[in-house]
Amino acid sequence: MQREWMTIVAHQSIASQTYLLELQGSLPQFVETPGQFVHIQVSDDFFLRRPVSIADVDSDKGTVTLLYKVMGKGTDALTRKKIGDKLDVLGPSGTGFPIDKLTTNKALLIGGGIGVPPLYYLAKNLKSKGMEVTSILGFRSSEDVFFTEKFQALGDVHVATNDGSMGTRGFVTDVIPQVDGYDTYFSCGPTVMLKGVKEQLKGVPGYISIEERMGCGVGACFACVVECADEEDAKGYRKICSDGPVFRPEEVVL
Amino acid sequence: MQREWMTIVAHQSIASQTYLLELQGSLPQFVETPGQFVHIQVSDDFFLRRPVSIADVDSDKGTVTLLYKVMGKGTDALTRKKIGDKLDVLGPSGTGFPIDKLTTNKALLIGGGIGVPPLYYLAKNLKSKGMEVTSILGFRSSEDVFFTEKFQALGDVHVATNDGSMGTRGFVTDVIPQVDGYDTYFSCGPTVMLKGVKEQLKGVPGYISIEERMGCGVGACFACVVECADEEDAKGYRKICSDGPVFRPEEVVL
Amino acid sequence: MIDTKVDLPGLQLKNPVMPASGCFGFGREFAQFYDLSHLGAIMIKAATATKRFGNATPRVAETASGMLNAIGLQNPGVDAIIGEELAFLEPYQTPIVANVAGSTMEDYQEVAAKLGNSTVSALELNISCPNVKEGGVQFGVDPELAYTVTKLVKEASAKPVYVKLSPNVADIVTMAKAAEEAGADGLSMINTLTGMRIDPSTRKPIIANQTGGLSGPAIKPVAIRMIHQVYQAVDLPIIGMGGIETTDDIIEYLLAGASAVAVGSANFKNPYICKELIDQLPDALSAHQFSSVKEVIGGAHYQTTST
Amino acid sequence: MIDTKVDLPGLQLKNPVMPASGCFGFGREFAQFYDLSHLGAIMIKAATATKRFGNATPRVAETASGMLNAIGLQNPGVDAIIGEELAFLEPYQTPIVANVAGSTMEDYQEVAAKLGNSTVSALELNISCPNVKEGGVQFGVDPELAYTVTKLVKEASAKPVYVKLSPNVADIVTMAKAAEEAGADGLSMINTLTGMRIDPSTRKPIIANQTGGLSGPAIKPVAIRMIHQVYQAVDLPIIGMGGIETTDDIIEYLLAGASAVAVGSANFKNPYICKELIDQLPDALSAHQFSSVKEVIGGAHYQTTST
Ligand SMILES: Cc1cc2nc3c(=O)[nH]c(=O)nc-3n(C[C@H](O)[C@H](O)[C@H](O)COP(=O)(O)OP(=O)(O)OC[C@H]3O[C@@H](n4cnc5c(N)ncnc54)[C@H](O)[C@@H]3O)c2cc1C
Ligand SMILES: Cc1cc2nc3c(=O)[nH]c(=O)nc-3n(C[C@H](O)[C@H](O)[C@H](O)COP(=O)(O)OP(=O)(O)OC[C@H]3O[C@@H](n4cnc5c(N)ncnc54)[C@H](O)[C@@H]3O)c2cc1C
Ligand SMILES: Cc1cc2nc3c(=O)[nH]c(=O)nc-3n(C[C@H](O)[C@H](O)[C@H](O)COP(=O)(O)O)c2cc1C
Ligand SMILES: Cc1cc2nc3c(=O)[nH]c(=O)nc-3n(C[C@H](O)[C@H](O)[C@H](O)COP(=O)(O)O)c2cc1C
Ligand code: FES
Ligand code: FES
């Protein structure tokens, strides 16, 4: 992990209130696994950094791609940064999906809203390891949808929208029954969604990526802990920023 | 007085740590007298505005010119504003030199450092009213000197520098004895300088412009008061931001 | 149509936004920016029994997201305020809250009695002033002194009294209860936190008085916490203040338990701020699914559903 | 050559900059950014008698120029800290200050006794925790409780004790004197101011624990004021903290009367901050015409000339 002033090389709107941000620097070469994130200091106006998942890495260009949605003041201020501007980035942070240890043949990826981004870099990695990838991507409405064609290039894609304006009307959990043949699932999205997915796919090996408000983002402040499901666990907790954000669903209490 | 997002149309370094900033908007048309100032919100990073004197007005272009020196964080941040940027400006503020009431024939202007700027617009006004203007301008060193040629176009100019690197070595007060024939003086600069000038020119009608840290800049908060010299004065104080910054030297306690 | 009206003792507010005492003078300067009749009310600068010059300058210093001030209660004295300033404000269609200050119990009584016969709608009792007789300890940090001065002021005048609490205490609820027991009609919270800045170049405190009162967004979390605590413990309406700059700030105060809010030092940054907030408030309330100001008040206490 | 050394009870500091407790864990995470031996000292995270999980999440919220936290003293317990964390820190050439916390007098005594036999150089007594036996009132806001717990901790261990004062009091000097009388070797000030933020969308406090401790530049003026007051009233060395982000901030703390400083939440913004400040400090001192750190300490008190 390092702190670096990265250069913005691309910045564009890709869906309603959703932006693609491409950052160049030496940080990309240290990314170890999909699911890791960067911690962004948007400007001096903000006291805390913002965690944003790495959605893609281009080693040749030396860039990471981030996809973010405007949720509050910080992400709103981020939209005003221009190509050529420098951004204070800490990372790569956290422990991602353990792609080197997987024995997956067919992967099911389940992403909800702004949980979709890390799954893209994951999908690319799985695919390049010869695994088959099916993705279920959930969004609020058709105008929020992004990156489906990119996922399609890597495997089957099912889209769900809350209002039915694209794909299946409903939630990702409504689509899961339509898919089969997968041996491992990978999910990222709002906690309610992860809870539903975990419940529905009980018995299937899986990995989930979870969110929490962070202080340090490096594992030092104990802001981002999540309780262990196993009451006998020696520590009793995991730090989302360093032990995670990716966990086994049975490891933590959602 | 109004609040306006003015456009920066010129911004350049004119001496050591000293900048010229030209702002365009409707504010200039409300400037009443030389000696008035504007109150600048440098950016959201700062809680208080910064008072800066109006050094010139161009009614045709609709601009005011400010000359400022980097003294701390706010003026430092100001240097990074670019042509085309908008600046949140409140003004024109305060009560300047009462040029319409003057019966001056020959004016002596005495400016020290960053007290020089308001005297330039004053000199132009006096000159256009047919008065003769002699200026004594004091700076720390030759690299701090600015606008002398502009003053020269309006009358005699004497420069003093603390280190003698330009003009007379010493203070403006060392130069005053070399000048004569004036009937009114006008001075702006650091308080120690104003004290010296007031002392030396006792008996000569004069006007001084003084500084104080400000809260509101509109006369409401009582942050910027100065005591009246006359103990019988009904109020006992003057507000620099609204009654001043220009006063008769005998009116206030320096 | 969003209903922004709030009825408080002595104050029928068309909207819950008013400038805070000491940050708006007696309104004159701001009358050049907009019509003061738009304001929910006006909290005017502190009045003392006699004219006060206040502290030496510098009286203000900038801090991170805030400022320090040590004006020292400069004001022309209660008689001049009634004679000149209230007369100026009279034509405006907005209730006036007079801020009462002093160094002794007698001072407070005298000022309250005189304002009791004036056109103001309510009194705001500023108990953050040092009590000269008790060796300079502030009325605002000692519950017994606070009780006594509130009681005396209530006796001296028939106007509703809002006691303005100081945040410089370990236990704000005790102070609020003291005010309530003494008969206060409402609370006004918070006044400034005592702070200091030292200039590394001069090696001295920037403010001539050395310490000053910290205001601005920096203190908002402290104000919200105190209002949230006091709302649960006493039955008085609260006028909330401290760092308000946006309509979301106002909603945060109302949710914590304030019935109305005052905007202080933000008037210095943007002299139009009160008017702008009043104009924007209905839309901001709608955006958060509220249909009236009253509905928001204390909302953080009875909400139990999570999102 | 600027002399940055400072000698305090138990702490021979090569420079006056150390990370503040709770903002640096036990150093492990920051060891990946720079060699911890550069630090003047390290104030490690609070230790309690037994392992604590802490509060529900969210535990942090952003505020204007600051943040709230309600971690709830999560830590692996004093035994694990001594066995694992101190062992990890041992190779570094920097003194360790252990932060002692608890809910009862007995807790404090036990933790202090165990750390008294460890490799730490000094104890920092965190008295901002609620005393369970006294109905949750904080040790840090009651001078008698503060006196008693300090005395017990002094008896339980031979290590120098720095009492960490809470700013949530009306009279910080009384608290400092209580610590001094109880035998404290130094003071550490300030801990966080209690605050709250409410989210207008969810209508609830952002922090699960409702209230949290406010840190960051927002509180610096309060810390500077309190240190300035305490420096005049007690004879103990002070480790100052609250919102330090720049070398000018450090100089401001030293001028106010701190002998050393701790950097807390700024480590979250910039994990290299302590190292950077240490590197920049000599030049900053020169720029203000100082030739040593010692020369700056308390400078705001004996300067009488004006500029
Ligand atoms: C590991 C991780 C990966 C993430 N990846 C992405 C991503 O790829 N794309 C994306 O759009 N969003 C992502 N998020 C969520 C993103 O961090 C928040 O939306 C963002 O921090 C909101 O900041 P704001 O200033 O707009 O909101 P504000 O509400 O103004 O933020 C205030 C504070 O709360 C924190 N905060 C608010 N919401 C969240 C949240 N959901 N999670 C964590 N902190 C929060 C902010 O970081 C900040 O400290 C991720 C979060 C985590 C923890
Ligand atoms: C009526 C008036 C006219 C002025 N005209 C000019 C001018 O034409 N050119 C110029 O360079 N400077 C002028 N000044 C001084 C200028 O306002 C300060 O240098 C500037 O505010 C410093 O801001 P800063 O952020 O760099 O310093 P900081 O020290 O970071 O400022 C901190 C706070 O102190 C205030 N402050 C600091 N020094 C002064 C000061 N000398 N006077 C008033 N407030 C101060 C700032 O406004 C701010 O609120 C004038 C001041 C006044 C009162
Ligand atoms: C310059 C200034 C002067 C003030 N004068 C008074 C006063 O006379 N009486 C009073 O009760 N409060 C006074 N206050 C406190 C404010 O009314 C308010 O309680 C405080 O500033 C917090 O609000 P804010 O953060 O919006 O400024 C003053 C504040 C400032 C900044
Ligand atoms: C996340 C967090 C955790 C903290 N934990 C502790 C703690 O365990 N013990 C303690 O005495 N202080 C603790 N503090 C307080 C800091 O040590 C420090 O006193 C305070 O944050 C002010 O400094 P700052 O503004 O530089 O952060 C904590 C602060 C933060 C932000
Ligand atoms: S955010 Fe600090 S430990 Fe995770
Ligand atoms: S700055 Fe407020 S009265 Fe002058």
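Because the structure is a prediction, the values reported are computed rather than measured.
Of the listed residues B/A223, B/G74, B/G217, B/C224, the one with more heavy-atom pairs under 4.5 angstrom with chain C than any other is B/A223. Heavy-atom pairs under 4.5 Å with chain B peak, among C/C23, C/G22, C/G66, C/P76, at C/G66.
Under the rule for a side chain to side chain contact (heavy atoms under 4.5 Å, CB included), the partners of C/I219 that lie at least two apart in sequence or sit in another chain are C/I190, C/L193, C/L214.
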Evaluate the criterion ring pair (Phe, Tyr, Trp, His ring centres under 6.0 Å) for residue pair B/F139 and B/F146; output intermediate values, then yes/no.
-> CA-CA 9 Å; B/F139 300 93; B/F146 58 85; 5.3 Å; yes
Could you check C/F26 against C/F88 for ring pair (Phe, Tyr, Trp, His ring centres under 6.0 Å), going step by step and ending with a plain yes or no?
-> CA-CA 9 Å; C/F26 300 98; C/F88 167 82; 9.8 Å; no
Would you enumerate the inter-chain donor-acceptor pairs between chain C and chain B whose distance is below 3.5 Å?
from: C/G25; atom 1: N; to: B/A220; atom 2: O; distance (Å): 3.4
from: C/K51; atom 1: NZ; to: B/A234; atom 2: O; distance (Å): 2.8
from: C/T57; atom 1: OG1; to: B/E212; atom 2: OE1; distance (Å): 3.0
from: C/R59; atom 1: NH1; to: B/F222; atom 2: O; distance (Å): 2.7
from: C/E62; atom 1: OE1; to: B/R50; atom 2: NH1; distance (Å): 3.2
from: C/E62; atom 1: OE1; to: B/R50; atom 2: NH2; distance (Å): 2.7
from: C/E62; atom 1: OE2; to: B/F47; atom 2: N; distance (Å): 2.9
from: C/E62; atom 1: OE2; to: B/L48; atom 2: N; distance (Å): 2.8
from: C/E62; atom 1: OE2; to: B/R50; atom 2: NH1; distance (Å): 2.8
from: C/K269; atom 1: O; to: B/R49; atom 2: NE; distance (Å): 2.6
from: C/K269; atom 1: O; to: B/R49; atom 2: NH2; distance (Å): 2.5
from: C/N270; atom 1: OD1; to: B/R3; atom 2: NH1; distance (Å): 3.3

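For C/F268 and B/F47, the ring centers are positioned 6.0 Å apart or more.
Side-chain atoms of B/P92 and B/I54, non-hydrogen and from C-beta on, do get closer than 4.5 Å to each other.
Heavy atoms of C/P58 lying under 4.5 Å from chain B belong to its backbone as well as its side chain. For chain C, the nearby part of B/M214 is the backbone; its heavy atoms alone come within less than 4.5 Å. Heavy atoms closer than 4.5 Å to chain C are found in the side chain of B/L90, but not in its backbone. For chain B, the nearby part of C/F24 is the backbone; its heavy atoms alone come within less than 4.5 Å.
What you find for B/I114 and B/L67 is that their closest heavy atoms are CD1-O, 3.9 Å. The minimum heavy-atom distance between C/P19 and C/A41, with the atom names listed, is CD-O, 3.2 Å. Residues C/L39 and C/N15 share a closest heavy-atom pair of C-ND2, 4.1 Å. What you find for C/G212 and C/A70 is that their closest heavy atoms are CA-CB, 4.1 Å.
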